[in-house]
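Counting from 1, the numbers follow the sequence of the chain as shown.
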Amino acid sequence: MFNAIILTAYPEMFPGNLSYSLIGKALKEQKFNLETIDLRNFGVDQRNSIDDEPFGGGPGMILRPDVVEKAVLSIKIDPQKNTERIYLTPAGKLANQAKLGNFSKLDNLIILCGRFEGVDQRAIDVLNFEEISIGDYVLAGGEIAAQVLLEGCIRLIPGVLGQPESLLEESFSNNLLEYPQYTRPKVWEDTKKVLHEVPEVLTSGNHEKIKEWRYKESIKKTKVKRPDLYIKKEQDK
Ligand code: SAM
């Protein structure tokens, strides 16, 4: 079973978003396990500090390497199990759907959440944390980033989604964005009294034609919105 172990100074932020909807149901049904480790249990000195000022000067505080090491050593897991350690940081490699797919197959994913200015680089290097970013923007801490990453991973675990076929054609499968989707009403009159119809093919009942239309729309959308993905698709051919 997929086991997420979160190293954080704010364990009370979990499960947070992960306790809602399909993911929350999967957590209740023990389709995955979530554990938090409070970094403050491993603080040093009389003030139980977990961070200190950066050498070389500059603003903010840095999470101490000795605190991170003690927290990591407190984790009790079978060494035979498939385990990876990641540190969430905007300075990491960008996560993507394929990466999340790989994480979702692990037995244990250990996630270090930073705060303030980040984590002492020695802890990251010596303890073999892979540096992963969830996007090119800076958050205040790793806890929301961990929930984003975990939500993406957990929905890929077999049995979590009610309709697993929804994974087959969604965005990023085959390096494409998903085609546009429509629902009732078939003709929608907006508040300015303008009528908007659903593309006719979708109500034709012709499944071959619908498939063809959706594929073409996927290609069109990807070319316009994510030309980088489209190039990748062409290269993978
Ligand atoms: N000084 C760091 C830098 O410039 O790269 C930013 C530190 S950020 C304010 C504090 C923490 O938030 C980081 O240690 C990390 O755990 C988390 N964080 C912020 N943005 C993130 C992102 N895009 N992806 C993953 N984690 C992020």
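Here the closest heavy-atom approach between residue Y10 and residue F116 is recorded as OH-CZ, 4.4 Å. Here the closest non-hydrogen pair linking V67 and L39 is CG1-O, 3.8 Å. The two residues P54 and P59 make their nearest non-hydrogen contact at CG-O, 3.9 Å. For the pair I157 and K31, the tightest heavy-atom approach, listed with the atom from each and the gap, is CG2-O, 4.3 Å. Between C153 and S104, the closest heavy-atom pair is O-CB, 3.3 Å. Taking both residues in full, the closest heavy atoms of V119 and G114 are given as CG2-CA, 4.2 Å, listed atom of the first, atom of the second, then distance.
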Worked verdict on D51 versus R115 for side chain to side chain contact (heavy atoms under 4.5 Å, CB included): CA-CA 9 Å; D51 50 17; R115 275 272 150 188; over 6 Å; no
Residue pair R85, V72: steps toward the side chain to side chain contact (heavy atoms under 4.5 Å, CB included) verdict: CA-CA 10 Å; R85 293 177 188 167; V72 167; 3.6 Å; yes
Derivation and outcome, side chain to side chain contact (heavy atoms under 4.5 Å, CB included), residues I5 and L109: CA-CA 6 Å; I5 303 165; L109 180 61; over 6 Å; no
Trace of the side chain to side chain contact (heavy atoms under 4.5 Å, CB included) decision for E197 with L195: CA-CA 7 Å; E197 284 191 45; L195 297 179; 5.7 Å; no
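Residues satisfying the side chain to side chain donor-acceptor pair (under 3.5 Å) criterion with D228, sequence neighbours excluded, are R226. Looking at residues two or more places apart in sequence or on another chain, you find a side chain to side chain donor-acceptor pair (under 3.5 Å) between K193 and E189. Take K211 and apply the side chain to side chain donor-acceptor pair (under 3.5 Å) test, not counting sequence neighbours, and it matches no residue. In this structure, T203 has no side chain to side chain donor-acceptor pair (under 3.5 Å) partners at least two apart in sequence or on a different chain.
The shortest side-chain heavy-atom distance between K70 and V44 falls under the 4.5 Å cut-off. Residues I77 and I110 are in side-chain contact: their nearest non-hydrogen atoms beyond the backbone lie under 4.5 Å apart. For the pair F32 and L27, the minimum side-chain heavy-atom distance is below 4.5 Å. Residues S166 and L161 are in side-chain contact: their nearest non-hydrogen atoms beyond the backbone lie under 4.5 Å apart. Side-chain atoms of L229 and K233, non-hydrogen and from C-beta on, never get closer than 4.5 Å to each other. A heavy-atom distance below 4.5 Å is not found between the side chains of F172 and N96. Looking at heavy atoms from C-beta onward, R155 lies out of side-chain contact with L22 at the 4.5 angstrom threshold. Using a 4.5 Å cut-off on side-chain heavy atoms (C-beta onward), I86 and L88 make contact.
For the pair N48 (side chain) and R40 (backbone), a donor-acceptor distance under 3.5 Å is present. For R122 (side chain) and P65 (main-chain N/O), no donor-acceptor pair under 3.5 Å exists by modelled atom type. When atom types are taken as modelled, the side chain of S204 and the backbone of N206 share a donor-acceptor pair closer than 3.5 angstrom. Checking side-chain atoms of E117 against main-chain N and O of I62 turns up no donor-acceptor pair under 3.5 Å.
Rounding to the nearest 0.5 angstrom, the gap separating the CG atom in N102 from the CD atom in Q97 is 10.5 Å. To the nearest 0.5 angstrom, M61 atom CE is 5.5 Å from E53 atom CD. With values rounded to the nearest 0.5 angstrom, N174 atom CG is found 10.0 Å from T222 atom OG1. Note that CD of E200 and NZ of K209 are 10.5 Å apart. Values are rounded to the nearest 0.5 Å. One finds the CG atom of D52 at 8.0 Å from the CG atom of D45 (value rounded to the nearest 0.5 Å). Within the model, atoms OH of Y87 and CG of L7 stand 12.0 Å from one another, a figure rounded to the nearest 0.5 Å.
The cluster map of Ile, Leu, Val, Met, Phe, Trp and Tyr, joined by side-chain heavy atoms under 4.5 Å apart, puts I6 and V68 in different clusters. I37 and M13 end up in different hydrophobic clusters when Ile, Leu, Val, Met, Phe, Trp and Tyr side chains are linked at under 4.5 Å. Hydrophobic clustering (side-chain heavy atoms under 4.5 Å, transitive across Ile, Leu, Val, Met, Phe, Trp, Tyr) keeps I75 apart from F2. Tracing side-chain contacts under 4.5 Å through hydrophobic residues (I, L, V, M, F, W, Y), one never reaches L177 starting from Y215; they form parts of separate clusters. When hydrophobic clusters are built by joining Ile, Leu, Val, Met, Phe, Trp and Tyr residues whose side-chain heavy atoms come closer than 4.5 Å, directly or via intermediates, V126 is not grouped with L63.
A salt bridge does not link E217 with K221: every distance from a Lys NZ or Arg NE/NH1/NH2 to an Asp or Glu carboxylate oxygen is 4.0 Å or more. A salt bridge is absent between D190 and K192: the closest approach of a Lys/Arg side-chain nitrogen to an acidic carboxylate oxygen does not fall below 4.0 angstrom.
Of the candidates T36, L149, T8, L149 is the only one forming a side-chain contact (heavy atoms from CB on, under 4.5 Å) with I111. If you run side chain to side chain donor-acceptor pair (under 3.5 Å) between N108 and each of N82, N33, T83, D78, only T83 comes through.
Side chain to side chain, D107 and N3 fail the donor-acceptor criterion of an N or O pair below 3.5 Å.
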Pair up each side-chain donor or acceptor in residues 178-185 with any protein partner under 3.5 Å, not counting sequence neighbours, and list the distances.
unit_1 : atom_1 : unit_2 : atom_2 : d
E178   : OE1    : Q181   : NE2    : 3.4
Y179   : OH     : E169   : OE1    : 2.9

Please tabulate, one pair per line, all N/O donor-acceptor pairs under 3.5 Å involving side-chain atoms of residues 129-140, not counting sequence neighbours.
unit_1 : atom_1 : unit_2 : atom_2 : d
E130   : OE1    : K99    : NZ     : 3.4
E130   : OE2    : K99    : NZ     : 2.9
E131   : OE2    : Q121   : NE2    : 3.4
S133   : OG     : G135   : N      : 3.0
S133   : OG     : G135   : O      : 3.0
Y137   : OH     : I134   : O      : 3.1

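Other residues, nucleotides and ligands contribute more than 12 heavy atoms inside 6.0 Å of the CD atom of E234. Residue I144 places its CD1 atom among 12 or fewer non-hydrogen atoms of other residues, nucleotides or ligands, all under 6.0 Å distant.
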